[in-house]
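Below: one structure, written as structure tokens.
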There are 2 protein chains.
Amino acid sequence: MPPSLTAENMPVRPRRLVIAGMEGCTNCSVCEVRANGICSALRDDELERLARAAVRITVPPGHIFIEEGSRATDFFNITGGTVKLFKSLPDGRRQITGFVSIGHFLGLAVSDRYAFGAEAIDQVKLCRFSRPKLDSLTEEFPRMERRLLSEAANELVAAQDQMLLLGRKTARERVSSFLYGQLENHYGDVIPADARISFPMTRADIADFLGLTVETVSRTLSGLRRDGLVTMNAGHTISVPSPARLRAIAQGEEG
Amino acid sequence: MPPSLTAENMPVRPRRLVIAGMEGCTNCSVCEVRANGICSALRDDELERLARAAVRITVPPGHIFIEEGSRATDFFNITGGTVKLFKSLPDGRRQITGFVSIGHFLGLAVSDRYAFGAEAIDQVKLCRFSRPKLDSLTEEFPRMERRLLSEAANELVAAQDQMLLLGRKTARERVSSFLYGQLENHYGDVIPADARISFPMTRADIADFLGLTVETVSRTLSGLRRDGLVTMNAGHTISVPSPARLRAIAQGEEG
DNA sequence: CGAAAGATTGAGGTGGCTCAAACGGCGTGG
DNA sequence: CCACGCCGTTTGAGCCACCTCAATCTTTCG
């Protein structure tokens, strides 16, 4: 059993700390996302009550575990893997509104139905809470509600950034923004020169996230490579010699 | 996700319930947004404490009262008028992330700085709370925190809709979505045939909201008029004979 | 090793942008 | 009361960034 992890002695950024063989575990005090999940706001004794409300499940790649417009019966906390959230139009056009991974919650709904769909990109592990259970839990633990509010505020800021991207940025700026965002996810606020990213999403996912086509994403990446801004080891692993230059492009600071 | 974010306790649509001559009033129990503002979650005795923390101010049209990136010292509740929220790029490109009016809050920030700017479109009235004051208030009134969470959840849903619009909709669909949204704001869920909207924002505002240019917005409106979908009385007042058809276009259901 | 999915590249088309001009309402001042 | 100027809106003409369609190449995985 790992030492007790409190909010104070843990870093803020998500870690790739994934403990194998936890599938059947319902003891939240040793949960791998204790440090970042919604549970991070709780004390050990409170966690025990939480554990009874949570069910840990595993979702295979490509599986849609939240259907757009279906009844919002559950609430999820991601404990491993990466999920894409999306909205679609009747003719199949799709917009990915965000990628969420370890430590983040999922299932905030205004009405009794989900306004978005959720699909596992790779093998995804998550904690499921039934909505009524969660309601009574937040009732009991105000600190958890505060945690949810701060998480929602974060999502809102990210959503506003994405609106600026989708409404006003060029393809080159969008792709650079995406790559830089991946760098931030991985390294936090201090990104070293010659950084490397590895991400699970396909070009099609990236295109649907950036409001572009696969071809444009591919061409734009090739362009960045030609300009020495990135080097591509494999399709899903990219090196960035100068993150600062990439950031400048992402923010529209280049000629 | 949110605790009680069930249909029953969700905020209803904003009402045009505006009581004149309240400018100097600091008694929240008779406040015109009592029904929809963040205060709506509070009892009368709690409101009295709230009143001491609030300052009512008036902002003239065109005035930017939140500067992008400035210190997030205050939190606002809009009691009259319409505000545009925006983000900009260094070269002046601008994206309006939302229009907020009576009853909505403003100023939720993740860091110690605002990630967006806010500008009054018409004459705007608002309640200002200092951040520390608000913090102690939410500490004291958990119900208020819950209210903020539900409001944030609503904003998040709207933001996701807007991302779909910006990333995947045509100009015609975007303009139709905007107009239909205005109808919803005004009428709520039940929109009568032959509905009329009147909005304060200029074509430039609409363009920056929809990720288009002024010219495209204008041309698209002309197109909708040519097709009998809208009739324009004055530039800022538009009639919609068949809201259902407009909605169909907005959602990409037309050929 | 082979099939299928994903990624890249090319050629050509187009929706929305840019540049430009004209129009209209409204407040101001003569 | 009208002339003027300002600002927002509309309309036109031409262009370009990104999309569409299509072929080829690469990676993945049974």
Side-chain angles (χ1 to χ4, degrees), chain A residues 60-62 84 89 91-95 119 121-123 165-179 198-226 230-238 249 252 254-255, chain B residues 61-62 84 89 91-95 119 121-122 165-179 198-226 230-238 249 252 254-255:
Chain A
K84 54 182 171 193
L89 290 169
D91 63 3
R93 280 174 287 172
R94 165 179 291 211
Q95 177 66 38
E119 178 181 334
I121 292 182
D122 45 18
Q123 179 101 330
L165 180 149
L166 293 169
R168 292 302 181 208
K169 288 186 182 177
T170 66
R172 189 178 170 89
E173 290 163 353
R174 292 181 200 208
V175 173
S176 299
S177 293
F178 169 75
L179 293 176
S198 176
F199 46 84
M201 53 288 273
T202 66
R203 298 290 185 270
D205 288 337
I206 298 173
D208 280 346
F209 181 57
L210 300 180
L212 301 169
T213 58
V214 205
E215 295 92 329
T216 298
V217 170
S218 187
R219 270 188 258 273
T220 305
L221 279 171
S222 297
L224 292 176
R225 185 175 9 151
R226 225 173 290 121
V230 304
T231 63
M232 286 157 65
N233 319 56
H236 296 250
T237 304
I238 291 181
I249 295 172
E254 80 159 5
Chain B
K84 55 183 170 191
L89 290 169
D91 63 3
R93 279 174 287 173
R94 166 179 290 210
Q95 177 66 38
E119 179 180 333
I121 292 181
D122 45 19
L165 180 150
L166 293 169
R168 292 302 182 208
K169 288 187 181 176
T170 65
R172 189 178 170 90
E173 290 163 354
R174 293 181 200 208
V175 173
S176 299
S177 293
F178 169 75
L179 293 176
S198 177
F199 46 83
M201 53 290 273
T202 66
R203 298 289 184 270
D205 289 336
I206 299 173
D208 280 346
F209 181 56
L210 300 179
L212 301 170
T213 59
V214 205
E215 295 94 328
T216 297
V217 169
S218 186
R219 269 188 259 274
T220 305
L221 278 172
S222 297
L224 292 176
R225 185 174 10 152
R226 225 172 289 123
V230 304
T231 63
M232 286 157 64
N233 320 55
H236 296 250
T237 304
I238 292 182
I249 295 172
E254 79 159 6

Which atom names give the shortest non-hydrogen contact between [X] and [Y], and what distance separates them?
X	Y	value
A:Met201	A:Ile206	CG-CG1, 3.9 Å
B:Leu212	A:Arg168	O-NH2, 2.7 Å
B:Thr237	B:Ser198	OG1-OG, 3.6 Å
B:Gln95	B:Phe209	NE2-O, 3.1 Å

Could you state the [atom1]-[atom2] distance from [X] to [N], rounded to the nearest angstrom?
X	N	atom1	atom2	value
B:Arg93	C:dC17	CZ	C1'	13 Å
B:Arg168	C:dG15	CZ	P	16 Å
A:Arg172	D:dA17	CZ	C1'	14 Å
A:Lys169	D:dC18	NZ	C1'	18 Å
A:His236	C:dT8	NE2	C1'	13 Å
B:Asp205	D:dG8	CG	P	9 Å
A:Arg203	D:dC19	CZ	C1'	19 Å
A:Leu221	C:dA7	CG	C1'	10 Å

Closer to the 5' end of DNA chain D via nearest nucleotide, is it A:Thr216 or B:Ser222?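 This one resolves to B:Ser222.
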Give [X] one of three labels, base, sugar-phosphate or nothing, depending on what nucleic acid heavy atoms sit under 4.0 Å from its own.
X	value
B:Gly211	sugar-phosphate
A:Ser218	base
A:Met201	nothing

Start with the C-alpha distance between B:Arg225 and B:Ser222, add both sets of side-chain angles, then the distance that settles side chain to side chain donor-acceptor pair (under 3.5 Å), and finish with yes or no. CA-CA 5 Å; B:Arg225 185 174 10 152; B:Ser222 297; 3.3 Å; yes
How are the rings of A:Phe199 and A:His236 set relative to one another: parallel (under 30°), tilted (30 to 60°) or perpendicular (over 60°)?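 Rings of A:Phe199 and A:His236: tilted, 30 to 60°.
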Backbone N/O of [Y] and side chain of [X]: donor-acceptor pair under 3.5 Å:
X	Y	answer
A:Ser176	A:Arg172	yes
A:Arg203	A:Glu215	no
B:Thr220	B:Thr216	yes

Between A:Thr213 and D:dC18, is there a side-chain N or O to OP1/OP2 distance below 4.0 Å?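 Answer no for this pair, as no side-chain N or O of A:Thr213 is under 4.0 Å from OP1 or OP2.
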Using five base pairs at each end to define the local axes, how bent is the helix from C:dC1-D:dG30 to C:dG30-D:dC1, to the nearest 10°?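 Nearest ten degrees gives 40° for this helix.
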With the criterion being N/O to N/O and under 3.5 Å, what pairs connect the protein with nucleotides 21-29 of chain D, and how long is each?
{"unit_1": "D:dC21", "atom_1": "N4", "unit_2": "A:Glu215", "atom_2": "OE2", "d": "2.9"}

